[in-house]
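Side-chain atoms are counted along with the backbone in the values below, which use heavy atoms only and exclude waters and symmetry mates.
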Amino acid sequence: MNLPNKITIFRMITVPVLLAAVLIDFPFHWTASLVIYFLGCMSDTVDGNIARKRQIVTDFGKLMDPLADKALVMTAFLVMVKLGYCDIVCFSFMLAREFLVSGVRMIAATKGAVIAANKFGKAKTFLQMASTGIVFLVLAFVELTGLSINEKAFTIAAMVMFWIACTVSVLSGIKYAKDGWFMIETK
């Protein structure tokens with residue numbers, strides 16, 4: 001197994017570790033959550049860059065890298081829903097998009113084709129990771145400094161960020177479905 005694929009597996013391992021850090025109340029658990037999430041998100045950039053630079057792009061990487069991203073980001077969004085920063089409808093649209101794209105990719109795979117991530121999908125991933133990361137950052141900042149925030153204003157700002165990410169997510173899902181539609185048998 002090459003290094004980029006190992007990094008992808010690392011990102012998958014960060015998912016339950018992040019969830020544990022969020023759910024278990026211990027000193028500086030939001031700071032730990034931020035660090036874990038940051039490492040998971042950065043591993044997405046690192047594995048792709050290494051794979052392209054060394055020309056070791058694999059089908060495993062093309063399929064598992066987006067799934068690892070989805071697992072990490074959707075876990076973060078579940079946390080945001082639990083905390084009241086993300087609307088369940090917003091989360092549901094993003095989750096439906098992920099299932100749609102994964103379904104199209106699976107159909108393509110049965111036909112011997114791999115649909116790799118495109119720029120629109122990468123923008124979606126960036127917006128999702130950035131918006132959830134900002135919330136983790138603020139929670140860690142409050143935890144470390146003891147300062148308080150205007151919770152109502154922060155919740156509204158988070159919701160706006162998440163709906164922007166959701167809009168891009170849905171639009172990118174439509175693009176993936178359109179691009180992969182020719183592979184779906186209509187008989």
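- Annotation: Phe154, atom CZ; neighbour count of heavy atoms from other residues, nucleotides and ligands within 6.0 Å is above 12.
- A ring-centre distance under 6.0 Å is not found for Phe91 and Phe162.
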What's the verdict on side-chain contact (heavy atoms from CB on, under 4.5 Å) for His29 and Leu23, showing C-alpha distance, side-chain angles and the deciding distance?
CA-CA 9 Å; His29 76 108; Leu23 295 176; over 6 Å; no

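- Val22 is not listed as a side-chain neighbour of Thr75, based on a closest heavy-atom distance of 4.5 Å or more.
- Atom-to-atom distance recorded for Thr167:OG1 and Lys124:NZ is 13.5 Å, nearest 0.5 angstrom.
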Determine whether Glu151 and Tyr85 satisfy the following criterion, side-chain contact (heavy atoms from CB on, under 4.5 Å), listing intermediate values before the conclusion.
CA-CA 10 Å; Glu151 190 64 34; Tyr85 297 132; 2.6 Å; yes

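- Atom CZ of Phe77 and atom NZ of Lys70 lie 13.0 Å apart (nearest 0.5 Å).
- With a 4.5 Å cut-off on side-chain heavy atoms, Pro4 and Ile56 count as touching.
- Nearest heavy-atom pair, Cys41 versus Leu72, reported as atom, atom and distance to 0.1 Å: N-CD2, 3.7 Å.
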Taking it one step at a time, do Val168 and Phe120 satisfy side-chain contact (heavy atoms from CB on, under 4.5 Å)?
CA-CA 8 Å; Val168 173; Phe120 207 26; 4.2 Å; yes

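- Of all heavy-atom pairs between Asn118 and Lys175, the closest is ND2-CG, 4.0 Å.
- Residues Leu18 and Ser33 have side chains in contact (heavy-atom distance under 4.5 Å, counting atoms from C-beta outward).
- Atoms CG and CD1, on Leu139 and Ile149 in that order, are 6.5 Å from each other to the nearest 0.5 Å.
- At most 12 heavy atoms of other shown residues, nucleotides or ligands fall within 6.0 angstrom of atom CZ in Phe93.
- Val81 and Val15 fall within a single hydrophobic cluster, where Ile, Leu, Val, Met, Phe, Trp and Tyr are joined by side-chain heavy atoms under 4.5 Å apart, directly or via other members.
- A salt bridge links Arg11 with Asp47: the distance from a Lys NZ or Arg NE/NH1/NH2 to an Asp or Glu carboxylate oxygen falls below 4.0 Å.
- In this structure, the separation between CG on Leu137 and CZ on Phe38 is 10.5 Å, given to the nearest 0.5 Å.
- Between the CD atom in Glu143 and the OG1 atom in Thr31 there is a gap of 4.0 Å [rounded to 0.5 Å].
- Put simply, OG1 on Thr45 and CE on Met42 are 4.5 Å apart, with the number rounded to the nearest 0.5 Å.
- Side-chain heavy atoms closer than 4.5 Å link hydrophobic residues (I, L, V, M, F, W, Y) into clusters, and following such links, possibly through other members, connects Val135 to Trp163.
- Checking Asn5 against Thr58 by side-chain atom types alone, a donor-acceptor pair falls below 3.5 Å.
- Across all non-hydrogen atoms, the minimal contact from Gly40 to Thr14 is CA-OG1, 4.0 Å.
- The minimum heavy-atom distance linking Met159 with Gly84 is given by the pair CE-O, 3.6 Å.
- Hydrophobic clustering, with ILVMFWY side chains joined whenever heavy atoms are under 4.5 angstrom apart, groups Ile134 together with Phe136.
- For Gln128 (side chain) and Ala165 (main-chain N/O), no donor-acceptor pair under 3.5 Å exists by modelled atom type.
- Around the CZ atom of Phe126, the shell of radius 6.0 Å holds no more than 12 heavy atoms that belong to other residues, nucleotides or ligands.
- The two residues Leu34 and Gly133 have their closest heavy-atom pair at CD1-O, 4.1 Å.
- Linking Ile, Leu, Val, Met, Phe, Trp and Tyr whenever their side-chain heavy atoms come within less than 4.5 Å leaves Ile24 and Tyr37 in two separate clusters.
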What verdict does the side-chain contact (heavy atoms from CB on, under 4.5 Å) test give for Met1 and Ile9, after you've listed the backbone C-alpha separation in whole Å, the side-chain angles of each residue and the deciding distance to 0.1 Å?
CA-CA 10 Å; Met1 178 167 293; Ile9 291 170; 3.3 Å; yes

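- Through side-chain heavy atoms spaced under 4.5 Å, either directly or across other Ile, Leu, Val, Met, Phe, Trp or Tyr residues, Val46 is tied to Leu3, Ile7, Ile50.
- The main-chain N or O of Ser169 is found under 3.5 Å from a side-chain atom of Arg97 such that the two form a donor-acceptor pair.
- Under the 4.5 Å side-chain heavy-atom criterion for grouping Ile, Leu, Val, Met, Phe, Trp and Tyr, Val17 is not connected to Phe28 through any hydrophobic cluster.
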